[in-house]
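What follows is one structure encoded as structure tokens, with my remarks underneath.
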Amino acid sequence: MSTVLVIKAHPKTEAVSNALTIGDRFIETYQQTHSQDQILVHDLYAEGVPEIDSSNLDSWKKLTNGVTYQELSKNEQILLSRQQQLQAQFIQADKYVFISPMYNLFLPNRLKMYLDLVIVSTKTWVEGEHGPEGTLHDKKAIHIQSSGGTYHHTDNAFMATLDMGDSYLKALLGQVGIKDYQGIYCEGNSHRDADDMAANREIIAKEAEKAAKEF
Ligand SMILES: Cc1cc2nc3c(=O)[nH]c(=O)nc-3n(C[C@H](O)[C@H](O)[C@H](O)COP(=O)(O)O)c2cc1C
């Protein structure tokens, strides 16, 4: 049995979001074709993500310096517990599904905040002789992304270099050992009327369903 961790990082709801709609089609197909597997879903905009700020860094430092969990303030305990829960789930998962829109050529900030919490030294990577070495192996990830412009379904290779969120996610996951990475892109939404948008969304949803069967 595998555990699939679905990270929804989209402020919209399914009814109005291409990425979330396609993401749901992926999850439904995955469930139908991998009925033994466990699926855990986090909706980062509904749940919120603890921000790494000075109090968060201070509480880590306190623990490193020998302060016990019980000696931390109530707020520090809540923050650390949530963080530890997210980290444990991330480390234990076998497969990852990230669903997000492109914002200013990057990922939405809550996805970056989530990654800052779960990708941490000594847990997901260690300092090796020749640089960072990932500790997560035999895992795979898929990124379902929607965007106003077209970066991948184009002959202009330069456009793909502008999609820094997707290439960052791929590089970061690669650094922790998750090297099997696939992107599914619902693109050009700013230039489509409603019918064209629905038709394109359906094409990409079919692509997502095929990927889900093989994931
Ligand atoms: C704050 C913000 C920044 C955005 N930046 C970009 C961008 O850099 N490139 C792009 O192609 N689209 C950009 N968009 C457009 C969204 O990626 C696009 O509308 C996408 O289709 C939204 O996701 P959805 O289709 O799932 O609703 C941006 C939208 C917002 C709200």
Side-chain angles (χ1 to χ4, degrees), residues 4-32 39-53 93 95-119 140-174 181-215:
V4 184
L5 186 57
V6 179
I7 306 298
K8 293 185 179 181
H10 206 313
K12 289 190 191 169
T13 60
E14 275 73 1
V16 286
S17 159
N18 293 298
L20 290 172
T21 302
I22 294 163
D24 279 356
R25 292 272 290 272
F26 179 97
I27 297 163
E28 278 160 28
T29 305
Y30 187 89
Q31 265 169 338
Q32 286 161 10
I39 301 180
L40 276 178
V41 181
H42 278 300
D43 181 339
L44 302 185
Y45 279 85
E47 295 169 21
V49 184
E51 186 180 13
I52 296 201
D53 57 12
K95 303 176 186 182
Y96 307 86
V97 181
F98 295 92
I99 304 169
S100 65
M102 176 190 280
Y103 281 171
N104 288 322
L105 307 180
F106 203 68
L107 308 170
N109 67 333
R110 290 220 183 160
L111 181 49
K112 177 65 168 61
M113 286 163 69
Y114 171 81
L115 293 169
D116 288 344
L117 285 185
V118 298
I119 307 271
K140 49 170 75 174
I142 194 158
H143 182 206
I144 298 172
Q145 178 178 257
S146 50
S147 59
T150 301
Y151 302 84
H152 298 276
H153 298 103
T154 166
D155 296 334
N156 181 353
F158 172 71
M159 290 306 290
T161 68
L162 295 178
D163 185 355
M164 290 175 274
D166 183 65
S167 51
Y168 164 78
L169 186 60
K170 181 178 181 180
L172 185 72
L173 295 176
Y181 180 94
Q182 187 185 351
I184 292 191
Y185 311 106
C186 180
E187 307 188 292
N189 298 316
S190 303
H191 314 289
R192 298 182 192 277
D193 62 25
D195 288 346
D196 189 25
M197 176 114 70
N200 183 58
R201 184 169 58 236
E202 187 56 28
I203 291 168
I204 308 301
K206 290 261 182 325
E207 187 190 332
E209 287 175 347
K210 183 171 180 293
K213 288 177 191 160
E214 295 160 7
F215 193 54

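Atoms within each ligand, like the ligands themselves, are counted from 1 in listed order. Residue numbers run from 1 in the order of the sequence given.
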What heavy-atom pair brings A9 and P108 nearest, and what distance separates the two atoms?
O-CG, 3.3 Å

Angle between ring planes, Y185 versus H152, binned at 30° and 60°: parallel, tilted or perpendicular?
parallel

With under 30° as parallel and over 60° as perpendicular, where do the rings of H143 and Y181 fit, or are they tilted in between?
tilted

Protein neighbours of ligand 1 with a heavy atom under 4.0 Å, given by chain and number, are H10, K12, V16, S17, N18, A19, P101, M102, Y103, N104, L105, S146, S147, G148, G149, Y151, N189

Mark yes or no for whether R25, through its side chain, and A205, through its backbone, hold a donor-acceptor pair below 3.5 Å.
no

Can any side-chain N or O of R192 pair as donor or acceptor with the backbone N or O of E187 at less than 3.5 Å?
yes

Taking atom NZ as the centre, does K140 end up with more than 12 heavy-atom neighbours from other residues, nucleotides or ligands that are less than 6.0 angstrom away?
yes

